[in-house]
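Beneath this line is the structure, given in structure tokens, with notes to follow.
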Amino acid sequence: MNAKFMVIPVVFSALLLASCGGSYSSDSSDSSNSYGSSNNNYGKTTNDMNKNDMSSSTKTPTLTQKDVLATVKSKLSSDVVVMLPKAIPLSSDKHYLSAKTSDSSDAYQVVFYETKAPISVNSSDLKDTSKATPIATISGKMYATEEAAAEATGHMNDVNTGVNGVDLGSGITGYSDAGAGSTFLNWAEGRWSMGVRNTTSADPQDSIVLAKKVVAVLEKETLPAPHQVGGMKLEAAPNKAEGNIISWQDGKTDYTVSDFADPLDGVHITTSFTE
């Protein structure tokens, strides 16, 4: 009779332990669902990312910009010396950087994207415009001669001459020109030629304002030193990414920053090469 009563506490204890174990498993599963829903993982190190990968193969690791740039460089295989910027401006510190790469023996190209959630470099998700927005394109191309590379930069000679001089600050004068429905405000800094294009129907002051801002930025930041020349062409009208291009020569190689919607973002990207 006594033996029968002793079985009841043992069975009850076992049921209690099983109930606690089930509750712990449920909590662990819920915590993984929040991955990527906030900016809490922004700035994690490579070691942190490896730990995350070990815990779940479905998670996309959150990369810092330095990590993304290192990954991009590891993906490129070309006879061209790969040069990349050290910083890409994002519209929000809660967004992420990713990229798509392509290369050949004489060229490489990197399209950088801003994403709302972490996306791996070269992921097919970068094709989805609801997930990824292109920021800028970085490329390097080797030419047969130095002359061909210099011509590819779009460098303009003798831009510091002409009439209608405009004071752009820092002792620099810009000169206006017009043709084919466009106006141009051009100037030079060292071996670089600069130009801002606008339409003839637009306010000429827009070009002057942008040119002055570029000059002011270059008082504090440094463009890559071209060997031998560099060219910068910017659009005064907003969001004309296809018309914005900054390019410089290094021997037979031409390096280019292009397709950026904000001209000043393009300038900042280019100066970050020298940081």
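Each residue takes its place number in the sequence, starting with 1.
Evaluation of the salt bridge (charged side-chain N to carboxylate O under 4.0 Å, His left out) test over residues 185-202, restricted to residues two or more places apart or in two chains, returns Arg197-Glu235. Sorted by first and then second residue, the salt bridge (charged side-chain N to carboxylate O under 4.0 Å, His left out) pairs involving residues 198-220 (not counting sequence neighbours) form an empty list. Within the structure, side-chain hydrogen bond (donor to acceptor under 3.5 Å, both in side chains) pairs that include any residue of residues 78-91 comprise Ser91-Glu114 (at least two apart or interchain). Screening residues 119-139 for salt bridge (charged side-chain N to carboxylate O under 4.0 Å, His left out), with sequence neighbours left out, gives Asp125-Lys131.
A donor-acceptor contact shorter than 3.5 Å is absent between the side chain of Ser123 and the backbone of Leu126. Using modelled atom types, one side-chain atom of Ser98 and one backbone atom of Ile119 make a donor-acceptor pair closer than 3.5 Å. Side-chain atoms of Tyr113 do not come within 3.5 Å of backbone N or O of Tyr96 as any donor-acceptor pair. Using a distance-only test at 3.5 Å, with no hydrogens or angles considered, no donor-acceptor pair links the side chain of Asp250 to the main chain of Tyr255.
Considering only heavy atoms from C-beta on, Ile269 comes within 4.5 Å of Ile88 through its side chain. When side chains are defined from C-beta on, Val267 does not count as touching Thr270, because their heavy atoms never get closer than 4.5 Å. The side-chain heavy atoms of Val121 and Val68, taken from C-beta on, include a pair separated by under 4.5 Å. Residues Met194 and Leu234 form no side-chain contact, since every pair of their non-hydrogen atoms from C-beta on lies 4.5 Å or further apart. Using a 4.5 Å cut-off on side-chain heavy atoms (C-beta onward), Trp192 and Leu223 make contact. Using a 4.5 Å heavy-atom threshold, the side chains of Trp187 and Val166 count as separate. You'll find the side chain of Leu97 reaches within 4.5 Å of the side chain of Phe112, heavy atoms only. Counting only heavy atoms from C-beta outward, the side chains of Ile246 and Phe260 approach each other to under 4.5 Å.
Think of Met156 as one node in a network of Ile, Leu, Val, Met, Phe, Trp and Tyr side chains linked at under 4.5 Å; its network also takes in Val159.
Here CD of Glu146 is found 9.5 Å from OG1 of Thr253. Values are rounded to the nearest 0.5 Å. Atoms NZ and OG1, from Lys240 and Thr199 in turn, are 7.0 Å apart once rounded to the nearest 0.5 Å. To the nearest 0.5 Å, atom CE of residue Met232 and atom CG of residue Leu218 are 5.5 Å apart.
Criterion: ILVMFWY side-chain heavy atoms under 4.5 Å apart, direct or through other members. Under it, Val209 and Tyr175 are not part of a common hydrophobic cluster. Cluster annotation: Leu185 and Ile245 are assigned to distinct hydrophobic clusters (Ile/Leu/Val/Met/Phe/Trp/Tyr, side-chain heavy-atom contacts under 4.5 Å, transitive). Both Leu69 and Leu76 are assigned to one and the same hydrophobic cluster, defined by single-linkage of ILVMFWY side chains at heavy-atom distances under 4.5 Å. Hydrophobic clustering, with ILVMFWY side chains joined whenever heavy atoms are under 4.5 angstrom apart, keeps Phe184 apart from Val214.
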- For Asn122 and Ser120, run side-chain hydrogen bond (donor to acceptor under 3.5 Å, both in side chains): C-alpha distance rounded to whole Å, both residues' side-chain angles, the deciding distance at 0.1 Å, then the answer. CA-CA 6 Å; Asn122 289 338; Ser120 301; over 6 Å; no
- Message: If you apply the rule side-chain hydrogen bond (donor to acceptor under 3.5 Å, both in side chains), what do you find for His227 with Gln249, and how did you get there?
- Response: CA-CA 5 Å; His227 306 283; Gln249 175 196 9; over 6 Å; no
- Message: Thr256 vs Ser247, test: side-chain hydrogen bond (donor to acceptor under 3.5 Å, both in side chains). Steps then yes/no.
- Response: CA-CA 4 Å; Thr256 300; Ser247 185; 3.1 Å; yes
- Criterion side-chain hydrogen bond (donor to acceptor under 3.5 Å, both in side chains) on Asn157 and Ser193, from CA distance to verdict: CA-CA 7 Å; Asn157 294 317; Ser193 68; over 6 Å; no
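Nearest heavy-atom pair across Leu210 and Ala236 is CD2-CA, 3.9 Å. For Asn198 against Ala237, the heavy-atom pair with the smallest separation is OD1-N, 4.4 Å. Pro224 and Pro226 get closest at one heavy-atom pair: O-CD, 3.1 Å. The heavy-atom pair separating Val215 from Gly169 by the smallest distance is CG1-O, 3.7 Å. Taking every heavy atom of both residues into account, Val111 and Pro134 meet most closely at CG1-CB, 4.3 Å. In terms of heavy-atom proximity, Leu90 sits nearest to His95 at CD1-O, 3.7 Å.
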Name each donor-acceptor pair under 3.5 Å that joins a side chain in residues 135-144 to protein atoms two or more places apart or in another chain, with its distance.
unit_1	atom_1	unit_2	atom_2	d
Thr137	OG1	Asp259	OD2	3.3

